[in-house]
Every structure is written in structure tokens, then in C-alpha cells.
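Report on the following structure.
Below, chains carry the letters A, B, ... as their sequence lines are ordered, and counting in each starts from 1.
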Amino acid sequence: MAYEHKDIEEKWRAEWAKRGTYKVASDPSKPKYYVLDMFPYPSGAGLHVGHPLGYIASDIVARFKRHNGFNVLHPMGYDSFGLPAEQYAIQTGQHPAKTTEVNVARYREQLDNIGFSFDWSREVRTSDPSFYKWTQWIFLQLFDSWYDHAAQQAKPISELLKRFETQGWHHADACALTGDVEEELGAFTAAEWNAFDERTRQRILQHFRLAYLSEAWVNWCPALGTVLANDEVKDGVSERGGHPVERKRMPQWSMRITAYAQRLLDGLDTLDWSESIKEAQRNWIGRSEGALVRFKLKDAAGDIEVFTTRPDTLFGVTFVTLAPEHELVEVITPADRREEVMAYVTTAKNRSERERMADVKKVSGVFTGAFCIHPFTGQEVPVWVGDYVLGGYGTGAVMAVPGGDQRDWNFATHFGLPIIAVTEGADISKEADERKDATISSEGFLKGLKVPDAITRAIDELVKLGAGERRINFRLRDAAFGRQRYWGEPIPIYYKDGVPYALPESELPLKLPEVDKFLPTEDGEPPLARAANWNYKGHPLETTTMPGWAGSSWYFLRYMDPHNAERFASPEAINYWQQVDLYVGGSEHATGHLLYFRFWTKFLHDRGWIPFDEPATKLVNQGMIQGVSAIATRSQFKTNFETDGPLIPLIDGRRIEPSSPTTGFGRFFISADLLGLIDFAKASVADERNVTHLPLDIRFVNSGIVDVSQMILGESREDIRSGVYLCLNGFIKDGVAKRYLNDNEINVEGEIVFRVESLVEKMSKSKFNVVNPDDIIAKYGADTLRLYEMFLGPLEQSKPWDTNGIEGTYRFLKKFWYLFHAGSSSDAPVASTLRVDPPHITDEAPTKAELKVLHATIKKVSEDIEKMSFNTSVAQFMIAVNELGALKCNKRAVLEPLVITLAPFAPHIAEELWEKLGHSTSVTLAPWPKWDASHLVEDSFSYPISFNGKTRLQLEFPIALSKEEVEAAVLANPEVQSKLGGQPPKKVIVVPKRIVNIVV
RNA sequence: GCCCGGGUGGUGAAAUGGUAGACACGAGGGACUUAAAAUCCCUUGGUCCGUAAGGGCUGUGCGGGUUCGAGUCCCGCCCCGGGCACCA
């Protein structure tokens, strides 16, 4: 009779594996559907209940689509290159491949327990040479490509060479140069190109390749011995480990993602992604329209280039500020100012980016002594250096308009520089006016124009004067691609005379070599430099490896054809499976993975390898499941013991006496309900440090009450094991509860229980609040876990995990099971229910009420899955079971379709019941039931009758009645009449099948 | 500062402009049981009146507005979460 989840789930997991139930192949006769989860990095900690949330949701959709006739690709794999395995390798000497293998096995075991419909025959691992062969191959394609801005497309380098050979390179083409890391490239003719030596040619080509090597400002992290990407640096320290990061110029592999800035931006409009992710990407790309303005130097050749979004404020320029790193600083500073200026530059430069960012309030700068010429007025404008201008961004110089920009205003005010009002109605004595809908008021030809018109006019004038032009600037930077690390894809490049060359395709995969240690060499070379024979035909190989995002930028393609040895995936497979129809993962990847993922897809499209240029049409971000930490308060009482003995004073004047401490000090854990009763003033807690908060392991906490005796057995922290736990009416020491030694129990009744406060925060080992899905599954089963995770709330929302609530979904499954077995002959509990527990199903025709429940459920669940509103579908299942239980329904015609609708959510129990209903094939093959609206039609409706919008009573009328008939019937009702008190209603609103509102 | 989310019982939450709190947890009461577990039934936003049946008022962060009717739409604030930021 009982619902034995363990037997059922083990049986079906084995059966699915044996039958290959979830294996999938291209099948042109069926429509395809591609459901993808962001694959996990297999960490040593294993999965906690938060990880599978998205996987369960996508699994439900995958199963639902299968029932609806789609051929569903639903794969899983591992992002198995990464820092933690390498850190572990450095500490222990254990090869990261080994650790990764162990962790993957553990992940697989945990994932299998949850009953996902993954086609494991398609598993990929980014650290597998058969996979990273193609990551390297794509790298070579990028190395062999340049971006033709005129055509808005990546093209082979060979085409560029032809162009150079016949046309050379002209400054007019210079817009092809993108990114922030190139040096100035001069124009050359075809004849010059043909005369260049190999070295020169290769150096020039680096300016065009989409994967390129150049001197770049990088985030160098000395502690990690590596370079970090911009998005791996948070607040000036490394995201992982929190080590300081400094700006350093060094040779660096980069990806020219900036070439795609406009397309990455435009593409967002075509995607069904959450607005917040799209917005984050828009911000990250950071397109701004404005003008490049050149200020001629007064006493030197050349000019200062400035980018501004507000050329309309040019008449408000009172000075120009250069970043301390700006190369002109040295050039223009006159000798008599040199000492002072260079001293400032040195300090400003040495301040880390972190300090400069943290210190917004402090204004610092110095006058160079040089002047430049205002392009419109011809007046002299002083040139300053200020550290509020960053060298790495834009041109590293700003035209300062203190009347229109707050930072410039701060700088001008601090140094007493003139401030000109640029807009009508601005009060420049208090702050700058940054409004973009103002009218220009500064003297000159822009006066009286609205800002947008003034911008256009200003640019026109700049162009006429040759002093500037329209310019679109992107915040997006080229992506650093090399890491001074071992555990990543080797970059398939070798060096001849210091010039990088592509390794021939036939040499791929370039496998990771064995090294004696996973650390940088003594002279700071990356670990790969330790490898013996790390060269190609005598030429040294590249020693940096690829970053984490390389493999994840294209893995979705490999799943389509994971064992192909000839190509990253066959054209047939790609043409069949196309884009990902539903991609599920965390929103923390908004500007990292999800941008590179789109970038590589666009690139592969440009070069003709794939027919689409966006990887995933729909993206859903699951929320985070937070942990609930159990926080215990611990205090060290002092001094009172010396005079009063081991008594703890309470605010009502009484004292409680736990077992006597041997010294004059006592360290106690205090139950949350006792906390407010202790008189901490009298207890003379020396200082705040004597009251501390410690997280207890939530495995020993139930509804806020700690099982202290169990906890001290399983606890590794000594202070927790040996602690004295003060409760309301006694204390617990060494796991034994005792009454207080004096008669001052606050409450002599009841058990001595220790309570903790709960705190919702990130689930993590260090907070002792991790819930392992394996434990939940052992107790309640995977089907219960799946249902409960969905039942917690909307998928995209973050929510705390509370194991206590799981009983509800477990009870639901037991009731569902009972529907099939109520009145069954074998009512006695038996060890295994699988064969001996016959179902009790009849073939009788269902009643109207039963059909209504069934069809309402099919309708609601079908619609909810499409909307990814899983919590409401689970609620509907509960309603159905409660109602069918009350109707004592055990009819096949009702239960059979219900099993199919439940199958995507709780596949194990559904398979078992499906089999019991007499089917020999898997429930996953059953077609999705259709709901029939005719079963949902009601004969009558109970109208809420409201007066002025407030519901007062209910009246039932046939739905066939017209508005007028309902109104008449309502007004004829004696109760309504008495409420009206003889007054005629002002108005009566009847909304059929909804409400009646009487206005009085 | 800017851009996205969000704010509803003790808790997780539900609600095409139409009966706020579905569903579930927890809590309280009861049934069954020698007992426990399991299961089942009832109550459960707040508050007031009533012995009771029942009824009144109030209530979706705050203040306005639109509407016969607002958790939902509009305007102005407050708070929480996430993202971005010396980009000139």
C-alpha cells in the first residue's frame, strides 16, 4: 500500500539506462527542440539543492516537449577546465585531470539521482582533448580572420592579404582598427606592402586578426601569477581569492570582440531574453555617440584628442585634463613645471586603479604649464593632469566643461578654475547642469539651440574646421584571452623569430603537456614553460592557456554531434538542431559567458560554419536558492562571577545558575528566546567582542530548535562541542539537559530546548547551511525533491530553502499513489511494494465532476509549462488529487491522462503507475492529453454581489441569463433590497460570469 | 547617480482591472492508536461587536489619482535585491 519511493526510483533509473529511453538522434520527420542548461564546473563540494533548480525546470520542459511530439535535444556536460582544480593541484601535487575526474563522477552520481532525461551519450567535457581540439580549431579560425567593417563581417586573412598586395592600406580604412590595445598603424601602399619583410607583415597583420597578440594593459595578479579578464576583477582585487591586481603592460592574446560591438548590441532586440540581462549587456557594450575633438597644442606640433558626448558644450570648455598615463604629459610640460608635474604623475600612476576608484571625493591634479587652442574661439585653454581621467578609457583626455559636468565642476572648484554656464537656467554656483533637454546659453553660434540640435551643429562645424568628427565610442574592451595557467586549453601557436604562427590543423589537438609542478617558473614564465619539448619542429610553443570562457562559448554546438572526429559538428547535425530553443542558467553570466557565447556564434556564422548568428533564442535565468543559516549567540560573561558566583542576571532581577565554571569567566551559548531576558549590563560583558554569533550546522536544526546532543557528536569545532547552552528553563552541557541549579527557572514547564535565530544568505560550506540533494532524496525521493523545488516559487526569483516545507509535496505524492491503490487487496505493509501491491483501477465512465477536475488540470498544467510557471502547476496537481480523493475516483479514464501530465515533474512515480496501468512502453512516449473546454463549462455561476465595490453577498444564477436578467434578479433579491434600504441604486454593473456591482 | 527586478498573513506564495491571501508549510484544536509514526477532519490576515448563529470595520511598502470597481493602470515618494559607473 505504501508509496516506496526508493524502490520505485532505483528501479526506473536502472530501466531508463537499460532501455536508453533518453537517447536522441536527428529525425527530420519530427520538429526539433533544443533545451540546454548552462553546464556546471564540477567543484569538489558537489551539488547542493540550489544547483539543480534550473536543471529540473529545463527537464520538465524537455519532457513536456517530447510528449508533444518534438524530438528533444537535452544534453549535459562539464565545464571542466578551471582555477579551483589547479589551485588544488598546486597545494597537493595531484594532477587536475585526476581531481576533475573524481568530481565529475560525483556530479554524475548526484545528477543521476534526480532523474533527469539527459542524453548522456552526448556528454562533453571541455578538458577532454577530443573536445578542446575544436576549441583550438576555432581559435585558429579567429587567428586567421579579420573584420571587414564595410561588409560588417569576419573574413579570411587571405582576402586581406590580396587587398594589401593590390591596394595597400589607407587611413580612410582605419575604422577597421578596433579595440584599445593596438598601436598606431601607418598607411602603406601596395608596393610598400610587397616590399615589407615577413616580420613586418606579420606585425601588421596582428592589428587585424580577431585573435591577436599585442602589448596590452592587463590586470596582472602577482599572487595568482596570472592575468585576469576585466570581469574577473572586482573592486581592484581578483574575484577568486581577493588578491590585489595591478595594471601592467605585457604581451597578451586578445579577442577582438569590439569588432562585433554594434552587432552584439543590435542582436539583443531579436532575443527572447530577460530585460535585465539584455540591459546588462547594453550597459557593458556601452555605446555612446558623440564627437572626437582635436585641440591644437600651442607650443608644440600635434594636438590633444578628446572624445565627448556633449560637443554642444564646447563653448563652456575652460581647461583640458589629461590622464596621468597620457603620453603627451611628458611632451608638453615646460621645463620649469617638469619636476612638479612628473612628481604628481608618479604618485597618481602608482595609486592602483582600486584606490583611484574608491577615492571619488578627493580631487587631485596639477597644471602642466602648457596650453592648447580652442577650435572654435581660438582662445588658449590650459592643460591639466588629473587622476579622475583614466588612461585606459577613451582617448585618455577630456575637454573639461565645469558648467555641464559634475566631475569637471568639482575639479574646477577645487583649483579655482573658471566655470562658464552652458545652459539656460543653470545655477553653476552650486553644481553643474547635466540636463540633456536644456537650451544652450554660452556665447557663440550654439547659443539658443536645444542640446540635440547644438550637438549636430557643433559636429558640422568641427568637420568644416578639420578639428573633429562624429564618433561612436564603445565601452566594450577587447577580451583578454591568455592566462598564465596550466589547467586550460593550450593555445595552438608557435613562434618563429618571435613572430606567432598558427599550428597546422593536422597537429590538433595540441595536448596539455606533463609538468613537474603546476606553478609558474622561477623567472615568471607560465607553467607550460616547464614542459619538456614544448615546441613545434624546434620552434617554441605558446605557454599561456585559454580562459574559462573559451570552451563554453561554443559547447552548445558540440552536443549536436559530440563524437565527430572530422569537424566540430557535422553540417547535417547543425542544420537539424539549429539554435538553442531554451537556455537556462544563472544571471551572473550576463556579461561574461553570455556575451562571448554570442560573439563566437556570430563569428562562426560569418565564416560560414553555421547558419545562424545567435546561439539561443530564449533565455531564462533561474533564481538563487539561498541557505537558511542557524545563528547562535555566544557570550563571555565576566566579573560577576568573582562577587556573585556563577549566576547570570536577568532583567527582572532574578538570576539563573548553570553549572559552575571553574574560573571567573564563563562562555555560554544563549538560546534565542533567552537572549532578551539577560541583563547584559549587570552581566558586565566587557566589550562587544564578547558577544559573538556563530553559525551552527543546519543539519541539526529543526524549526529553529537545535538537537544539541546530536550536534556535538557530529561537530568538528571544539568550542561548539564543549559549549554550555543556556536555555529558558535549563541548560545543556555535553549533550545532557539539566534544570538550573537555583530555583529561578523562568519556565519550569516543558522541555529544555535551545533555539537559534535564522538568517537567509548564500548557501555555502563555510556558513554551515548547505543542504545536499542526496539527503533529501534518501528521505523523500527525487520526485518529491523535483516537485518541491518547483513548488517553492517562481523560477526566476531567489528564495530561501526550507526543508520543513517539503512534507507537503511528499504528502501529495503519497495521496496520488493512494488514488491508484485505495481499496486494493494488499493493504498490509510489505517490504517492497513493487510487484505485490496491485493497483485498484476501474474502467467505469467518469462523472462530470471527475472530468472537470481532469481537464482543468490538463489545461492549467499545459499553459503553465509554456509560461514556465511551475509552482502553480504543482499547486494544480495538489488541487486535483485533493478533489479526486474526495470523489474517491479510481477510474482509468481520469487517472491515465493525469499520470502523463505528472510525468515531466515526477517521472519515477509516473513510470511506475503507468506500468501498473498495463503499459509496457515508457510513459515518456505517451502523447500529451488534450483538454476539452466542454468539460469546464459551468451551468451556473455564484455572483459576488458588491456595493460600491465591496462584496456583501453571493447569489447563484444560471450563466445563460442575460445581463438584464441578472440585474433584475439581483434587485429582486430581498437581501439586496434590505441593503439598499429603499433607495434606488444609482447604477448596476453586471459583468457576466464575474461580478455584480451596485452603486448606491 | 543611472538601469533592471521586487515589496501581499507567522513562512514559501497565488490572483486576464472583477470575491485579496489559491496551494503548501507552520501553529492551534479534534479523530484513530496502549503509545508513537502515518493518516484524516476542523480553525488559522488583523481587529471589533455577539453566549451563539452571525455581523461590522480594516488590510497587498507610503501618499495622491484614474475607474462602478485597483495588489494589478497613472503620478510622486520610501525600502530591499541585482547590474553599471570617474566613458567626459
Side-chain angles (χ1 to χ4, degrees), chain A residues 1-2 274-284 286-288 290 293 306-310 313 317 320-321 323 353 356-357 359-360 363 386-390 392-401 404-408 410-411 432 434 473-476 587-588 590-591 621 623-624 628 703-704 758 787-788 791-794 796-809 811-812 814-815 818 829 869 871-879 882 885 942-954 985-1000:
Chain A
M1 186 53 255
S274 76
E275 207 40 55
S276 61
I277 294 279
K278 292 206 265 188
E279 207 46 41
Q281 294 212 343
R282 286 190 192 107
N283 286 339
W284 193 260
R287 184 184 199 271
S288 54
V293 184
V306 153
F307 175 77
T308 178
T309 54
R310 296 290 302 274
T313 63
V317 171
V320 163
T321 314
E353 196 130 317
R356 280 166 68 173
M357 283 199 279
D359 242 356
V360 188
V363 177
D387 71 354
Y388 76 101
V389 180
L390 294 185
Y393 292 120
T395 59
V398 310
M399 57 175 229
V401 184
D405 183 282
Q406 194 56 43
R407 291 174 308 252
D408 295 340
N410 293 345
F411 196 85
E434 297 188 341
N473 201 39
F474 291 97
R475 198 184 76 89
L476 186 70
S587 55
E588 67 272 20
T591 50
N621 300 115
M624 209 174 41
V628 179
S703 306
S758 63
L787 281 169
Y788 186 54
F791 187 60
L792 277 176
E796 300 177 37
Q797 211 165 292
S798 287
K799 54 238 159 185
W801 177 269
D802 175 17
T803 303
N804 291 325
I806 204 169
E807 291 285 347
T809 45
R811 274 178 210 145
F812 156 72
K814 285 197 279 193
K815 286 190 241 177
Y818 187 74
S869 171
N871 54 329
T872 49
S873 5
V874 177
Q876 179 61 37
F877 281 126
M878 290 174 169
I879 293 168
N882 289 345
S942 176
Y943 282 91
I945 313 298
S946 58
F947 291 78
N948 292 337
K950 287 183 182 172
T951 308
R952 283 295 116 95
L953 63 143
Q954 301 268 322
K986 263 194 198 149
K987 198 173 174 186
V988 178
I989 288 126
V990 178
V991 185
K993 285 174 72 183
R994 283 264 181 244
I995 201 166
V996 176
N997 192 17
I998 300 169
V999 186
V1000 291

| B/rC84 phosphate, OP1 or OP2: any side-chain N/O from A/Arg475 under 4.0 angstrom? | no

| Which nucleotide, in any strand shown, forms a Watson-Crick or G-U wobble pair with B/rG26, with both distances under 3.5 Å? | B/rU44

| said: Just verifying a value: how many Å separate A/Phe812 CZ and A/Leu787 CG, rounded to the nearest 0.5 Å? | reply: 6.0 Å

| request: Taking the side chain as every heavy atom from C-beta outward, state whether A/Trp801 and A/Leu792 have any atom pair closer than 4.5 Å. | output: yes

| query | Do any N or O atoms from the side chain of A/Ser946 and from the backbone of A/Val996 form a donor-acceptor pair under 3.5 angstrom? | reply | yes

| message | Strictly below 4.0 Å: does A/Asn871 bring a side-chain N or O up to OP1 or OP2 of B/rA14? | response | yes

| request: Determine: side-chain N/O of A/Asn882 to OP1/OP2 of B/rA24, distance under 4.0 Å, yes or no. | output: yes

| query | With a non-hydrogen cut-off below 4.0 angstrom, is A/Lys950 in contact with a base, only sugar-phosphate, or nothing? | reply | sugar-phosphate

| request: Take A/Val389 and A/Arg407 through the side-chain contact (heavy atoms from CB on, under 4.5 Å) test and state the conclusion after the steps. | output: CA-CA 10 Å; A/Val389 180; A/Arg407 291 174 308 252; over 6 Å; no

| query | For atom C1', what is the distance between B/rU51 and B/rC40, given to the nearest Å? | reply | 31 Å

| query | With a 4.5 Å limit on heavy-atom distance, are the side chains of A/Tyr788 and A/Val874 in contact? | reply | no

| field | Rounded distance in Å between the C1' positions of B/rG65 and B/rG29 | value | 47 Å

| query | Rounded to the Å, how far apart are A/Glu275 CD and B/rG82 P? | reply | 20 Å

| task | Run the salt-bridge test on A/Glu807 and A/Lys814 with the 4.0 Å N-O cut-off and return the result as yes or no. | result | no

| task | May I have the distance from A/Met878 (atom CE) to B/rA14 (atom C1'), rounded to whole angstrom? | result | 13 Å

| note | Taking a pair to mean Watson-Crick or G-U wobble geometry with both distances below 3.5 Å, B/rC84 pairs with B/rG1

| Rounded to the nearest Å, what distance is computed from the CZ atom of residue A/Arg994 to the P atom of nucleotide B/rA15? | 14 Å

| task | For nucleotides B/rG9 and B/rG61, find the distance between their C1' atoms and express it as a whole number of Å. | result | 15 Å

| query | Now, which nucleotide makes the Watson-Crick or G-U wobble pair with B/rA36, with each of the two distances under 3.5 Å? | reply | none

| said: With side-chain contact (heavy atoms from CB on, under 4.5 Å) as the test, pick out the partner of A/Phe947 among A/Val999, A/Ile998, A/Asn997. | reply: A/Ile998

| request: Describe the nucleic acid contact of A/Arg952 in one word from base, sugar-phosphate, nothing, applying a heavy-atom distance below 4.0 Å. | output: sugar-phosphate

| said: Without decimals, in angstroms, what is the distance between A/Trp284 CH2 and B/rC3 C1'? | reply: 15 Å

| request: With the side chain of A/Thr308 defined as its heavy atoms from C-beta on, choose the nearest nucleotide among B/rA38, B/rA20, B/rA88. | output: B/rA88

| said: Suppose you measure atom P in B/rA24 against the same atom in B/rU43; what distance do you get, rounded to whole Å? | reply: 14 Å

| Which nucleotide, B/rG12, B/rA88, B/rC3, lies nearest any side-chain atom of A/Thr309? | B/rA88

| request: Would you classify A/Val999 as touching base, sugar-phosphate or nothing, given that sugar-phosphate means primed atoms plus P, OP1 and OP2, and contacts are heavy atoms under 4.0 Å? | output: sugar-phosphate

| Residue A/Lys799, side-chain atoms from C-beta onward, closest of B/rA24, B/rA88, B/rA13 | B/rA13

| What is the pairing partner of B/rC77, taking Watson-Crick or G-U wobble pairs with both distances under 3.5 Å in any strand? | B/rG61

| query | P atom, B/rU60 versus B/rC73: distance in rounded Å? | reply | 16 Å

| field | Separation of B/rC41 C1' from A/Lys815 NZ (nearest whole Å) | value | 12 Å

| message | Between B/rA13 and B/rG18, how far apart are the two P atoms, rounded to whole Å? | response | 23 Å

| Nucleotide of B/rC87, B/rA24, B/rC84 approaching A/Thr591 most closely (side-chain heavy atoms) | B/rC84

| remark: The glycosidic conformation of B/rG9, counting syn as within 90° of 0 and anti otherwise, is syn

| field | Watson-Crick/G-U partner (both atom distances under 3.5 Å) of B/rU72 | value | none

| field | Nearest listed nucleotide, side chain of A/Ile989, among B/rA14, B/rA88, B/rG18 | value | B/rG18

| note | Note: for A/Ser942 and A/Gly949 on RNA chain B, the residue whose nearest nucleotide lies more 5' is A/Ser942

| query | Within the structure, does a side-chain N or O atom of A/Arg811 lie under 4.0 Å from either OP1 or OP2 of B/rC25? | reply | yes

| task | Nearest whole angstrom, please: distance from the P of B/rA85 to the OH of A/Tyr388. | result | 19 Å

| said: Need one value for A/Lys993: base, sugar-phosphate or nothing, where a base atom within 4.0 Å counts as base even if backbone is also close, heavy atoms only. | reply: nothing

| message | Closest-nucleotide mapping onto RNA chain B: is A/Gln797 or A/Ile277 further toward the 5' terminus? I mean the 5' end. | response | A/Ile277

| request: Please report, rounded to the nearest Å, how far the C1' atom of B/rA22 is from the CD1 atom of A/Ile879. | output: 6 Å

| request: With C1' as the reference atom in both, quote the distance from B/rU19 to B/rG26 in angstrom, rounded to an integer. | output: 27 Å

| Taking only side-chain nitrogens and oxygens of A/Ser946, does any of them come within less than 4.0 Å of OP1 or OP2 of B/rU19? | no

| task | For B/rU39 versus B/rC49, give the span between their P atoms, rounded off to a whole number of Å. | result | 40 Å

| remark: A/Trp801 atom CH2 is separated from B/rA13 atom P, nearest whole Å, by 13 Å

| task | Provide the closest heavy-atom pair for A/Ala590 versus A/Ala280 in the form atom of the first, atom of the second, distance. | result | CB-CB, 4.1 Å

| said: Base, sugar-phosphate or nothing for A/Lys814? Non-hydrogen atoms, less than 4.0 Å. | reply: sugar-phosphate

| Which of these nucleotides, B/rC4, B/rC68, B/rC84, is closest to any side-chain atom of A/Lys987? | B/rC68

| query | Nearest to the side chain of A/Arg407 - B/rG18, B/rU19, B/rC87? | reply | B/rC87

| message | Side chain of A/Ser288, heavy atoms from C-beta onward: which of B/rA85, B/rC87, B/rU19 has the nearest atom to it? | response | B/rC87

| request: State whether the distance check finds a donor on one side and an acceptor on the other, under 3.5 Å, for side chain A/Asn997 versus base B/rC68. | output: yes

| query | Quick one: does A/Tyr943's side chain have a donor or acceptor within less than 3.5 Å of a partner on A/Arg994's backbone? | reply | no

